[in-house]
Amino acid sequence: MANPINVVVTGAAGQIAYSLLYQLASGSVFGSEQSINLRLLDIAPMMGVLKGVIMELEDLALPIVKDILPTDDPNLAFKDADAVFLVGAMPRKQGMERKDLLAANIKIFKVQGEALDKYARKDVKVLVVGNPANTNALICSRYAPSIPKQNFTAMTRLDQNRAKAALATKIGVGVEKVQNVIIWGNHSSTQYPDAAHATVEVNGVTQPVSKIVNDDKWLSEDFVETIQKRGAAVIAARTMSSAMSAAKAAADHMRDWWFGTKPNEVVSMGVVSDGSYGIPKDIIFSFPVTIKNKQYAIVQGLDINSFARSKLDITAKELEEERTEASSVLQ
Ligand code: NAX
C-alpha cells in the first residue's frame, strides 16, 4: 500500500461528510491501494458529534485509514494536505438573505485560504462543496496566493449527475449510456445544464441526445428548469438538503481529478475562468473539462448557439455580482 496521503474534510460532523467519509475510507476515491490520513475539521461545538463519527470510522474496520485527526483549528487540519474537501459552511437560516449567507461564508473561506497557503502542500487539490461554492472557491484561492489558482475547484458534479440521470430517464436507457452533458456557470439556479453536446448509446450506436429526445422545447425548458431546481425539490421532500448524492458527486469529482477522465469523456467542474467562451476572467465558472496527470483542460471549440450564449451570460453575470459582494465584505 502506498504511503498515506493527507485528506482533509471540513464540515466533518455534517451530513454530506457522513456519506463522504465512508467513500474515502473504503477506497472509492483514491483507490484501494492508497492509504490515507484523515484530517477532520469542524467548529468547536461539533467536536462531540465528530467524536461519534470517528468511532464509526473506526468501527468500519477498513484498512486504508491510517490516522484520524479531529480538530477545530484550520492550521492543524491543513498541515501538509494533499487533497481537501471544503464541505463545511454556514447553513442558510430562516429569514437570512442570500447576501448575508455569502458574507458569512466567504469569511470562513478567507480564513481557510490563509491556512492552506501557510500549511498545505503547494500541489494540494482543493474541492469546494460548501455554498456559495464557486465564490467560496474564488475567495479561498485569493487568500492562498502561493498555491496555483488551478488547484481550487468548485463542485457542479452533482448537477451533472442529476442532468445525466434525468436524460437517461427521459430516453429510457441506463445512466451509463448518457455521456458529456455539460453544466455551465454557477452552482445556483442560474446554472445552465446543456444537453446540446451530450451523447447517448442506443442499440450499440452513439448518437446525439438532441436527436434521440427529439423535443427541443423539453430540452431547453423543462430539462433545464428541473436540474436548476432539483436541489430545492430534494429539500422540499426530505426537509434536508441533498447529502448522499452530494457526497457521491464530491467523490466522483475528486476521483476524476486524481486519476483523469476516460477517453472521450467530458466532466464539468467549477474552475477559474481563463476567458474561454467569452466568460469573464477571474470568476470560478463551471466549464466542460478533460483531465490528465491531475491537470484539467477546458474543452475548446464547442458550438454555442444564441440560446446557450444568453444562458452563459446570465450565470456569468451572477458570479461577477457575487465577486463584487464578496470583495466589499472583505474590504
Ligand atoms: P450540514 O449543516 O449538515 O454540515 C455542515 C457542517 O459544517 C456542520 O457540521 C458545521 O458545524 C460545519 N461548519 C460550519 N462552519 C464551519 C467552519 N468554519 N469550519 C469547519 N466546519 C464548519 O451541511 P451539509 O448538508 O453537509 O452541507 C454542507 C454544504 O454543502 C452547505 O453549504 C450546502 O449548501 C452545500 N451543498 C453544496 C452542493 C453542491 O453541489 N456544491 C450540494 C449539496 C449541498 O447543498
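For ligands, and for the atoms within them, numbers begin at 1 and follow the listed sequence.
- The pair K262-D256 does not count as a salt bridge, with every side-chain nitrogen at least 4.0 angstrom from each carboxylate oxygen.
- Donor-acceptor pairing under 3.5 Å is recorded for the side chains of Y18 and E56.
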* To do: Before giving the answer on side chain to side chain donor-acceptor pair (under 3.5 Å), spell out for S188 and E318 the whole-Å C-alpha distance, their side-chain angles and the decisive distance to 0.1 Å.
  => CA-CA 9 Å; S188 77; E318 182 182 52; 2.6 Å; yes
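- Between V8 and the options V124, L86, V84, a side chain to side chain contact (heavy atoms under 4.5 Å, CB included) holds for only V84.
- If you look at Q112 next to ligand 1, the close heavy atoms, those under 4.0 Å, all belong to the side chain.
- Closest to atom 28 (C) of ligand 1, if we only count protein heavy atoms, is V87 O, 3.3 Å.
- At the top of the distance list for atom 14 (C) of ligand 1, counting protein heavy atoms only, stands A89 O, 3.5 Å.
- Looking at A17 next to ligand 1, no N or O pair under 3.5 Å apart turns up.
- Heavy-atom contacts of M46 reach the following atoms of ligand 1: 9 (O), 11 (O) (cutoff under 4.0 Å).
- Between the side chains of N37 and N6, at least one donor N or O lies within less than 3.5 Å of an accepting N or O.
- Atom 4 (O) of ligand 1 has its closest protein heavy atom at G14 CA, 3.2 Å.
- Scanning for salt bridge (charged side-chain N to carboxylate O under 4.0 Å, His left out) contacts around D80 gives an empty result, with sequence neighbours left out.
- For the side chain to side chain contact (heavy atoms under 4.5 Å, CB included) with Q191, the lone residue among T156, D159, N134 that qualifies is D159.
- For atom 26 (O) of ligand 1, the closest non-hydrogen atom on the protein side is I16 N, 3.0 Å.
- Across every non-hydrogen atom of R39 and A77, the tightest pair is CB-O, 3.4 Å.
- Here the heavy atom of the protein found nearest to atom 6 (C) of ligand 1 is G11 CA, 3.5 Å.
- Both the backbone and the side chain of V129 come within 4.0 Å of ligand 1, judged by heavy-atom distances.
- Within the 4.0 Å heavy-atom cutoff, A13 counts among the residues contacting ligand 1.
- In terms of N/O distances under 3.5 Å, ligand 1 is approached by Q15.
- Of all the atoms in ligand 1, the ones that sit under 4.0 Å from a non-hydrogen atom of S242 are 43 (C).
- Listed by number with element, the atoms of ligand 1 under 4.0 Å from a non-hydrogen atom of S241 are 25 (O).
- Given atom 42 (C) of ligand 1, the protein heavy atom at minimum distance is L158 CD2, 3.8 Å.
- Checked by distance only, ligand 1 and N131 come closer than 3.5 Å through their nitrogen or oxygen atoms.
- Ring-plane geometry between F285 and F287 is classed as tilted, the angle between the planes lying from 30 to 60 degrees on a 0 to 90 degree scale.
- Between atom 15 (N) of ligand 1 and the options V53, L127, I43, the minimum heavy-atom separation is to I43.
- Note: an N/O pair closer than 3.5 Å links D42 and ligand 1 by distance alone.
- Nearest to atom 40 (O) of ligand 1 among the protein's heavy atoms is H187 CE1, 3.0 Å.
- Not a single protein heavy atom sits closer than 4.0 Å to atom 2 (O) of ligand 1.
- Salt-bridge check for E321 with K317: passed, with a basic side-chain N closer than 4.0 Å to an acidic carboxylate O.
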* Pair D123-N151, side chain to side chain donor-acceptor pair (under 3.5 Å): steps then yes or no -> CA-CA 7 Å; D123 61 355; N151 295 23; over 6 Å; no
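- Looking only at side-chain heavy atoms (C-beta outward), Y277 and W184 come within less than 4.5 Å of each other.
- Listed by number with element, the atoms of ligand 1 under 4.0 angstrom from any heavy atom of I108 are 15 (N), 18 (N).
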